[in-house]
Every structure is written in C-alpha cells, then in structure tokens.
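Proteins get letters first, then strands, A, B, ... in listed order; numbering begins at 1 in each.
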Amino acid sequence: MVRELSSAWRRFRWSHPEWMLALAGVLAWMGLFAMSALNGAAVGTVYWHGGHHIAHWVLMSAAMMLPTVLPVARSVGLTSRWRRRARGPALFAAGYLAVWSTMGLAAITVLEVVAPRVEGRWVLATSLVVAAGWELTRWKLHFLRDCHRLRAIHPNGWRADVGCLRQGLRVGISCLGACWAIMIPMLVVAPGVEMVLMMVLFVLVAAQRFASRPATSVRPAAALLTGLAVAVTLVNGGPQMAVDREHLHAGHLLGCRAFE
Amino acid sequence: MTTPIVRQDIWTLSQQDEWHPVIRAYALGVGVLVDRSQKNPDDPTGWQYQASVHGGLSDPDPKFQNQCQHRTYYFPAWHRMYLHFFESIMRSVIVDLDQVDDHTKQTWGVPYWNYSRGQKFQVLPPAFRAVQLWDGKTDNPLFHLRNRNLNNGGKLPDTDVLLSSTLAPSAFVGTGTAGFAGPAIGLDYWGETPGAAFGSLETTPHNNVHVHVGGDMNSQMSPLDPIFWLHHANVDRLWEVWLAQGGRSNPTDSGFLDQDFWFHDAAGEPQQKTVGEKLTLAGLGYTYENTSPPAGPLGAEAVASEPEHPPQMIGATDHTVQLAGDSATVRIPLGAPSGPLSADDTPAKVYLRIDDLTAPQAPGVTYAVYIAAPADDQSTLGDHFVGTLAPFGIVEDSKRDVDHHGMRFIFDITELYNRLVAAGKWTNPVDVRFVPVGVEAPPGPLAADDMVPGLDEDPGVLNVGQVSVYVQ
C-alpha cells in the first residue's frame, strides 16, 4: 500500500512539476483565512486591511492569480531538461508574481499618497463598475487572449533561467492587463467582506482564464461585477463594505494594519 | 431497419462517369445552398452559414458558429457530427431536385476522396476542376479557386497521403504524443487550450490536404470549397479504417461521450447532440464503400506501451528558424537523459517536437521533415523521413488578439530512431532538415487557353520557434 502510494505520488510529481506552485497557492489561501479569522476575533481592537500592505498583497496575488497559471507553469516544467523541472516553474512564478507585486506596490502607493481620503461604499461600488467597464473593452480581450501564448525557452544554462523568468514576466503582464481592474476592489474593500469578495473574484478570474473561448466570458463577467456594485450600493446595515482610510494608521500586525 | 447510406469513393464514381448522378446531385445541391445564402445569409441551412459553423467569423453566434474542434480528441467526433448534419441538409435538398433520379435521391451520401489509393487518385476529381457543368454553359458550383496546379490536374504530393504514421498509434489519445485523434484536453477551437496538439489523423492527411488544396481550404472558412466535405468524409472514413485494424477503440470516458455540440438539422431547427449520441456509423445510418486498412506493415510501432514517466527533453534549438520555401537544416546538441531514465538506458519512446510555429500568412507549401540525414547523400533521404509540417490554421496561431496557444507538432520517431541507431546513422548533434513540398505540376505543358483559374502556390514565411528531441 505504502509502495503503491509512493509510486503514485512519484508519477504525479513527474507529470505535474508545477505541484509546488499549487501548494503555494493553497498555503496562500490558508494564510489569508487565518489572518482573516485572527482579525475577526479581535474586531474593534485590531482591525486590518491587508490590501494596503504589500506583503498581504503578494499573498493575495499568490492565492488568486497563481492557480490560474498552473497549466502554463506545468508546460514550462515539462518542456525543461529533467533536472530543471522544479526550477523552471519556480522561476516562471517568480517573474509572474513580480509583475503583480509591482502593480500592488504602485497601487498602494497611489492610494496612500495621492488619494488618502478615498472612503465609503461608493468607492467600492465605483471600483466594481470600473472593473465591469474594463471587461467590455477590446483591451481586456486582447490581454486575456495573450495570456494563453507560450514562447519557446532556451534549453540550457543561465539563458534557460532567464527564459523561464521572462516567460513569467510576459504572462504576468498579460494577466495584469486582463485583471488589474478586477483586483482594484480588493484594495478598497473593508475587512468584514474582504474574503467573500476575494473568493467571488477568484472564481471569476479563474473561469475567464480557463475558458476555452475568453470572448464568451467578458459580458457575463461585466454583468456579475455590475451586480456586485449594485449590491454593495444597496446593502444597508451589514458589515462596512469599504475601508475608511482616514482611520487607518501605520501600525502593522501580522502584515495587517491597526484600526482605531 | 432502414438501409444505411453508403458513402462512395469519388474516384470510383468519376471513373464510371465524370458527371456520375451522385456527383451531379452534389453539384446541384451546392448550387441550391449557395442560392439560399445569397437570399438570406442567416439561413442556417445555407452554404455560407454552414461554412461559418466551422469558423472564420469575427462576431459569431457562440452556440452555432466558429465551433470546429482541432488539436483535441474531439477533432474526429465534432467533424463527424458536422458532416452528418450537413449531409442531412444536402439530402433534403437533393430529394426536391427534378434533375436527380429517384435512386440517387434515396441513396445519396457525401462521397469521399480517397487520395491514398494511388498516384492517380491524388489528382482532384474532374468534376471539381471543370469551370462549367456538363452542359458546358452553366457555372459549376463544385469549381473553386484552389492551388493552380491542382485545379489543372496536378497531384497532391506523396507525403500528403502516406497513412503509415496516421494509422500507427494504438491509442485514440496518446500521452507522449497526441495519439490518433488528439489530446484529452477538453474543448479546443484553434489551439488556445494548453496542451493542444495535432493527433496523427489531423497531422496527415488532414492538414496536408487543406494546405495544398489552398484558397479557402487553407483557412477557417474551408467548407466554402465543396471539396472540403469529401476530404472530411475521407478523414472520417480513416477513423473507421483505424478501428478496423484491431486492438484499437474509442474513448469511453464521460468527458468524451457526454460533450455536447449544437448544429442545425435539415429543417433549420437547432439540435443539441452529445458525442456519444452521434459516435457510431450504425447509429448515424451510414457506412463507407471501403474501410479496409491499406496493405502493408501498419501499426507495428504502436504496440510498445509507454513508460509511466513522462517524456523529457534532451536537446533543443536555441533560436527561431525561418522557412521561406527553401530547404533549411537545424542542428540540435543532445544531452544525456536523467531522472527516471539514465544515460545508458534505451528509451522506450523518442519524439521530435516542433514548437511555437507562426506565420503572417498561410503558407501554400508543407515541409517534409528529415532527421539525421547526411547532407551529401540525397539518395537515402527517404530513410530519414519523420513526417510533414502542414500548418493548417497557422495564421490564427500567429495573431496576438486571437485565442491560441502556439502551434506545435509532435512526431513519434521511436522506430526511426532505433533503425538509425542500429545502422550507426544516428548522430549527436543531430540535424533536422526541412524540405518544402508543393503540389506536383500537371503532366505535360498546358496551353494558356486550356488552363483553368487557380492560385499561385505562395510558400510565404513559416517561423519555427523551437525544434527539440524528447526521450521517454
């Protein structure tokens, strides 16, 4: 039995060199849920909004975006020399997450420095409407389709490393172009509903990424985002929908912010 | 129980009569469908609409149009269903034609073009080359702008119609390669799904014939050319030939059998059918004149089972190669395998992969691929033949704003590798040579007045991103 399991696990690893990235995605989700639970237990004293913290942003990007590029990472692994099958997908993921991290850092900086007084449910609703509008542009479809494209990678040496990294950067830029607007609401949503919104948007991003025909997905996606915006606007008395940025200060706890 | 329709060999019919009643009925039927489209382009039983079911529209009805399945194991099944519904539309038209006799009305089925029967059958059947119908006055709906040589009696090259590698895979879905039909990756329209790759049936003869017939046939709107349906009837027949070899079977997984597709029936009514509902010839009510496997040692290489570990790349090119109608050779330094396969092991499988193919325009030629062929000895080139690159659909793969995943070909060269190693002809580094192949010119000089219209065979430019060798 143990031998069979061991053999099955070996075959799985051989066929899925991207398995570590899948694990990283799962761990990222677990980390986010743990932080959310920790925050929920301390509502009123310790209140965080992770989207404003770059470390949390990277974790969120890994949870929401890494699973969507597992097939590409697998392809990178399977087309590498055998001894590079783990390193190739890892370098690809590094390049991919570097793009999202840079976007997060820039967006957080803009929000903190340029627009510190952005607040309220209307902010969240507006960001969802912007995301819905982006879905209907030709650029969205262009980037979404470009996410599928793979380029040949040099077979050996440092040029193979650079090739994997560059593949990650290239796919990351395409995904950023396709999904930046969907991620913006995560920067302004309040902690109470953050995980719910994150899960909804993750399902949306994954569905678009894995759809055989992306063109068929953009209109339903726009409708869903618009529906979310309407819901956010209409809901009264529930958890606060958008973070009140004036009440944030610079203290961090576990990558979170304290709320006065 | 109703008698099944027998789809007949177009050349058998043509040898009896260039305008055999079955061919006449088809020509008249095509004319009716073309008229329908001219009156109403949205008529789902019209010629134009039926072609758009395959592909080519920029703003398609997502349920019915641009639906063709390529580079996936749905390739043979979707085209079987497509052909079945087209045939039912055509039959409904033919029964209303006064010029068609009752026997033909009752028995008509789409003929097939078996270009693999021999050299003279590689020529386009005469009714498809005639500009006018049998009356010598009326425009012939079967005539279409195609490769000039082919329209004037030239023949498809031999490499287009070789069936040895087509029928060799024992598995409908392979692991190292795409098997007979294609990979089990789910839906794939033009290579946008990760892992999309041509199965052996799609590689040859399907792609080759599309490219060399040229014109609309070398595009997503290929069903606009009436020869499309005869070509695909033959591709469909080859599926039965493959099964008839024995030891082969169709998939039984629910992902395959339960996948549904939409078509229109003869009345123009939408029909949603699963692959399982439309899988067998008996269930569909037709058969073929001949489904016997060709004579010769077919399929021997496919018996060896694949190891449990996946293929691993041992060498690849590091730069893009541009093919522009001339021969080209790339050199691949090979390293030793590692992991589950040591350097001393004899690989159970060896593959040649050609990845990341792009082209700004559809090339009008294919490329024969040879491996480890000596540069100074053309006489033994055939001993090094791998297969052909026929990049049908390449233009879609080359656009940044169209769904695609990059065109690739995977050839199982195990038997060739073993033979070359045994003969001491396998080298390291190993050379891979690409030789352009076009439609052969018609025999004898033709006077300009005797020439029918056609298209120049433009090789265009084909960019080859990477060529690599895998062992398993």
Side-chain angles (χ1 to χ4, degrees), chain A residues 7-8 10-18 68-86 88 138-157 159-160 163 167 170-171 174 177 209-217 219-220, chain B residues 58-60 62-63 66-67 69 72 175 185-196 307-320 332-333 335-341 353-358 397-406 408 464-471:
Chain A
S7 175
R10 189 178 64 228
R11 285 199 303 274
F12 178 80
R13 278 190 293 115
W14 281 347
S15 297
H16 291 277
E18 82 289 6
T68 68
V69 289
L70 289 178
V72 184
R74 180 174 187 237
S75 180
V76 169
L78 290 179
T79 54
S80 297
R81 295 296 303 271
W82 189 271
R83 60 182 178 277
R84 302 181 49 84
R85 286 196 164 197
R138 64 186 176 90
W139 299 292
K140 162 74 186 194
L141 208 50
H142 169 86
F143 284 118
L144 191 56
R145 284 166 161 165
D146 201 39
C147 288
H148 287 103
R149 193 78 175 100
L150 282 180
R151 297 283 178 191
I153 294 174
H154 194 283
N156 298 305
R159 285 190 290 180
Q167 189 90 294
R170 203 191 59 75
V171 174
S174 297
R209 186 66 178 77
F210 293 126
S212 279
R213 314 186 97 177
T216 61
S217 71
R219 285 177 188 166
Chain B
S58 57
D59 187 22
K63 190 188 281 185
N66 287 14
Q67 293 297 303
Q69 293 295 302
T72 161
T175 52
I185 52 168
L187 298 176
D188 185 77
Y189 298 86
W190 286 100
E192 72 284 357
T193 308
E308 64 175 14
H309 54 82
Q312 59 175 294
M313 187 254 284
I314 58 169
T317 55
D318 58 4
H319 61 278
T320 297
I332 306 174
S338 54
L341 199 62
R353 268 183 69 141
I354 300 167
D355 284 273
D356 199 13
L357 291 158
T358 58
D397 282 65
S398 310
K399 293 177 182 170
R400 288 198 66 182
D401 58 350
V402 175
D403 313 335
H404 57 76
H405 204 71
R408 74 169 64 89
V464 180
Q466 192 167 60
V467 186
S468 49
V469 175
Y470 282 68
V471 294

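- Taking every heavy atom of both residues into account, A:A152 and B:G465 meet most closely at CB-O, 4.0 Å.
- With chain A as partner, the option from B:G335, B:G315, B:P333 having the largest number of non-hydrogen pairs under 4.5 angstrom is B:G335.
- Residue A:T79 holds its OG1 atom at 6.5 Å from CZ of B:R353, rounded to the nearest 0.5 Å.
- Here the shortest heavy-atom pairing between B:A336 and A:R81 reads O-NH2, 3.0 Å.
- Under a cut-off of 6.0 angstrom, the local environment of CZ in A:R219 is sparse, with at most 12 non-hydrogen atoms contributed by other residues, nucleotides or ligands.
- Proximity to chain B (any heavy atom under 4.5 Å) is restricted, for A:R85, to the side chain, taken from C-beta onward.
- A 4.5 Å side-chain heavy-atom check between A:W82 and B:P337 finds every atom pair outside the cut-off.
- When the salt bridge (Lys or Arg N to Asp or Glu O under 4.0 Å) test is applied to A:R159, the partners found at least two apart in sequence or on another chain are B:D318.
- Heavy-atom distances place the backbone of A:S80, and not its side chain, under 4.5 Å from chain B.
- Every residue two or more places apart in sequence or in another chain that forms a side-chain hydrogen bond (donor to acceptor under 3.5 Å, both in side chains) with A:R84 is listed here: A:D161.
- Interface remark: B:T317 contributes backbone atoms only to the contact with chain A (heavy atom separation under 4.5 Å).
- In terms of modelled atom types and a separation under 3.5 Å, the side chain of B:E308 and the main chain of A:R11 share no donor-acceptor contact.
- Here the CZ atom belonging to A:R83 is positioned 9.5 Å from the CD atom belonging to B:Q312, to the nearest 0.5 angstrom.
- One distance of note links CD1 of A:I153 with CD of B:Q466; it measures 8.0 Å at 0.5 Å rounding.
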